Structure formats: C-alpha cells, structure tokens
Amino acid sequence: MNRARKGYDEVAVAVPVTIPYVRFTPHSTHWFVARALAELLQQSGLDKSAVDGFCFASFTSGPDNAVALTQHLGLNVRWVDHIPMGGMSGVVALRRALRAVQSGDASVVACIAADTHQPDSFRSIVTRFSQFSQDAVYPYGAAGANGSFALITDYYMRNFGVRAEDFGKLCVAQRDNARQFPHALLRKPLTLEEYLKARPVAEPLRLFDCVMPCAGAEAWLVMRRRRASDMGLPHVVVLGTMERHNAFADDAIQSRGGWILDRDELFAQAGLRHDQIDLLQTYDDYPVMSVIQIEDLGFCGKGEGAEFIRSHTFTTDGSFPLNTSGGQLSVGQAGAAGGWLGMTDAIRQITGTALGAQVADARHALVSGFGMMIYDRGLCSGAAILTKGS
Amino acid sequence: MKPTSSALPPGLRSRITLPMTDAAAKGRFELQVCQHCSTVQYPPREACHRCLSNQLVWTLQSGEGELLAKTVLHHSFEPYFLERLPWTIGMVKLDAGPTVIAHLPTQAPQPPARVRVSAHVDQSGQAVLIAVAMDKPDALANDTRLQELISEKNT
C-alpha cells in the first residue's frame, strides 16, 4: 500500500477565466494567452509582478513553449511548467500548480490554456499529432481522432449495449445546459430526432457526436488559501486528484481508462462517497468517452452506462448534472483549453458564480480529464474533486 | 465521385517504417519481433515495449486476426480520400498480439469477424495494411477502390 498522499487543503484555486470562443480567428495563440493573463490580473486585482509561476498548455503555440511565452508576456517567474497533454492538461496543470504553491516553489501560479483556430490549423495538428498516428493512423484517411473514436464507439456499442439514443440523450442534455452559457458556440436547442438525423461523420459517429474545433482560452490562479481569502476571492480547494497514463495497454481496443486503477484512492483522499458529488465534468470529446468516464470513475459499474443514462437527466436542474457549461460538444473545443473548460466551469459552479445555469447547492464537483490519442486509444486519464474553500 | 485530381494518399512516415514498406513491396506482411521476449509489436518503434530490448527483427506475419470494430468515413482532411468517400477502415486484433488499423473492402464483414491482414504499397509508395474476411479471400481483388489504392500511380 502506498503511503497516503498529502492533501491540498492550504491551497486555493480562484479566478476562473474564459476568453470567449470563436470558430475562426486571425489572432495567434499568443493573443489568447495575453488576454487570459490580463483577465486573471484584472479580476484578481493582482499586479503582474505578483505572478511568480506560470503553467501553460496549448497545441498551437509552436514553436513557442511556456518559457517563450514568459518573454512575450513580460512575466518574471521562478516556476514554469508546460503541459502537452491535451484533454488531460487541465487536471495535470491543476495538480502541478497545487504542489508548486504548497511547497513554496511559487506563490501565485497563472494557469492558462489557449489555442487559436485558423483554416487548416486543425489539419496540421492531426497530420503529425504523434509518430504513431503519422505512421499507422493518418494514412488510413480519417480526419484526426474521428476515425479512432468511431472505432472505439462502434466497439463499445456492440459490446456494452449503448445505443445511439443513449449518446444522443447526453448530447441533447448538454445542449440544454449550454443554452444559458454565454460562451457556448452552439446554443440552439437540439432534439434527439435532430441528433439521430444528423449527417454521419465517421459511422457510427454523427455530426453532434463531434466537437467543433475553435479558438479560445481558459485560465485560473492557484495561490495560498489565506491569500485568496484576504483578497476576498471566491475560491475552491481540491480534496483529491489522480492521474494515470497508458493504463491497460494490453486491451485490444479501448473500452476503459486509468480512472479504474485510481478511483478508490481518489475518493478516499477526498473523504467523499460518489453520491456526494453534485456535478461531474467529463472530458466529452465524444459521448462514448463520457460514458466510459462515468463507469470507470465508479458512478456505475462497467457495462451499466446505458442504464445509467436512461435513469438520469444530466441537466443542471435535474439529476446528475453533467458538463454544466454544455461541455465541449456545445461550447466548442478550443484545443488544449477544451481540457480546462470543465475545470473553470466547476470552479464557478462550486463558488456560486456560474455564468450559465447554476446547479443548486453545488458543494462538490468532480472534473475528469482524458487525452492524447497517440495511436489507437487515449493514454491519459485523470480527475480532481473540488469543494468550496470559503 | 470520380477522382479528378492527382492527389496521393498521405506519404509521410518516420524512418522506422521503411523495412515494413520494403517487405510489402515483396508481398510480405512483416512486423517487428523482439528477439529477447518474442513480443510482436506495431506500430514500429525503437525498442520492445515489453522488455526494452533493441534486438527487433522484421518477421513475416500470417496476418490472421479478429476485426474488432469498423467505421465508414464520411469526412477526411486528405484530398485523396475526400474524392473517394465514403471509405471503410477497421481495427484488427492480430492473433500475434498487436492491434492494427487497416483499410477494409467496401463489402467488409460486421465485427466481430475473422480476417486476414496483408501489407501493400499504396500510391504514395508507403506500406498500408488491408484486412479482408477469412472466408472471402477474393474481397481485395474484387474491390476496385482498394485495387486503385495499391496500384502503381500512372503519372
């Protein structure tokens, strides 16, 4: 048995920032990073000189990494981290920044994920996403991850009894949640019939199973809890976290993720039961992954996802609120920031500052991360449980 | 849709895949096999993912395996495929161990199904894998789309 991990209770996460998403933009990634940092400072009242840590994620900042960004932004920091983990980068950035502040290596960490989206930028990312995808996936014609997730979805439907209507219910519920979220690019009501009749993208995936790539940024600050309190900043504390990479490598095709290995310790660290989680933010790049996360985090058993979907509404005003902003499926996927959207929205929900519909009495949120389809499966899985800090 | 452009399938590969293409040009489906622990691996890499040995020898494969899943693509970023949509691919668990993504004939079986994977050189001059049902060995010869993919490009 591993020694119990330290908690994070003296550290606060505050000032959730979203730089509004746009489908296409002439601006570079650096523009979005700058706007996010400016917004963090403006909303916190901190001077730039108070930020001594910088944590960054992006797919489109190249050739620049986090260090280069410090010069672009005029940041003089004593701690920097670059998290190239896509849909997992939000959970990982949070974990790294929490420990940096807890250890005293930094006192205020600006965590920022940003990506631009220009014609052809998404294509250029997926063409050379990894050596394996370049050598063994992209030559087969699929547009990025759509093909691999179509295969995973096809397998999942055949083997675990999830139907198109079940995935559709999640997409429709999330669209319902998005209707009040000001940054959602897709806010038009969606019906199950429209979902089912939408054009196929990569069978069995239909149009509304796939996120819309866009530009935008997500950000937050990590600092000592006392400091956040003294500054009067609404904030959350983190009760538990986990990350796991390349789990179940011998599975022939992905139908589960690393959450299974660490969920017991996650909940033990948090001192919570599943029924005490008031909202769940999954990494919803495709609805099949939301089902896998619901199962593998332990909200239901493996193979019980279909029944679970049929017994909940997933809306902010219903049972088992899921992806309260509308998720990437309705808000859009701003590159790596897509893996941060659930976190910023969870911070808002828990501090009672939701931009869209507020989940009533939301005390505990679980934010799940998933990412990096290097070859045939997403390698990274992680999660964090947040609660109100004040 | 009738192909009109001179677009080729994606030709970018890393150097480690070259032996696979050499073998495919001779009609052989070869994968890296670890001389230390006998693990068969794909995609190609610089060390055995199990024991980290670098004694990897390209070895002939039967290609037999199970089709686990398939998808019909209705979208692509690549002009070659855009001109030929819809396009069918699948995921095959080889009996030898690894999972591969492969082109499928239009008349592909429903998973799960026994298939045989073979390696070919596509029009960009690179190795690609094609899986056909074990009980329909003629499926590749009869699929004009796949025959075009692995024919020599006339330019």
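Note that this is a predicted model, so its numbers are computed, not measured. The sequence lines fix the lettering, A, B, ..., with proteins before strands; numbering per chain opens at 1. All values below were derived from every heavy atom in this structure, side-chain atoms included, with hydrogens, water molecules and symmetry-related copies excluded.
- With chain A as partner, the option from B:E66, B:R45, B:H74 having the largest number of non-hydrogen pairs under 4.5 angstrom is B:H74.
- Here B:A102 is the residue among B:A102, B:G11, B:S124, B:A127 with the most heavy-atom pairs under 4.5 Å with chain A.
- To the nearest 0.5 Å, the span separating CD1 on A:I125 from CZ on B:F77 amounts to 9.5 Å.
- Atom-to-atom distance recorded for A:L151:CG and B:L67:CG is 9.0 Å, nearest 0.5 angstrom.
- Heavy-atom proximity under 4.5 angstrom to chain B picks out A:D250, A:A252, A:I253 from residues 245-254 of chain A.
- A donor-acceptor pair shorter than 3.5 Å can be found between the side chains of B:Q110 and A:R158.
- The most heavy-atom pairs under 4.5 Å with chain B, out of A:P204, A:S148, A:P200, A:G147, come from A:P200.
- Residue contact with chain A, scored on non-hydrogen atoms closer than 4.5 Å, is absent for B:P86.
- Looking at B:R15, neither its backbone nor its side chain comes within 4.5 Å of chain A, counting heavy atoms on both sides.
- Looking at B:S14, both its backbone and its side chain come within 4.5 Å of chain A, counting heavy atoms on both sides.
- The distance from the CG atom of A:D376 to the CE atom of B:M91 is 5.0 Å, given to the nearest 0.5 Å.
- Panel note: side chain A:Y375, backbone B:Y42; no donor-acceptor pair is recorded below 3.5 Å.
- Around atom CD of B:Q35, more than 12 heavy atoms belonging to other residues, nucleotides or ligands sit under 6.0 Å away.
- Within residues 132-144 of chain A, the residues having any heavy atom less than 4.5 Å from a heavy atom of chain B are, in residue-number order, A:F132, A:Q134, A:D135, A:A136, A:V137, A:Y138, A:P139, A:Y140, A:G141, A:A142, A:A143, A:G144.
- With a threshold of 4.5 angstrom between heavy atoms, B:F81 approaches chain A through side-chain atoms but not through N, CA, C or O.
- Taken to the nearest 0.5 Å, the CG atom of A:L205 stands 6.5 Å off from the OG1 atom of B:T71.
- For B:L129, the parts lying under 4.5 angstrom from a heavy atom of chain A are both the backbone and the side chain.
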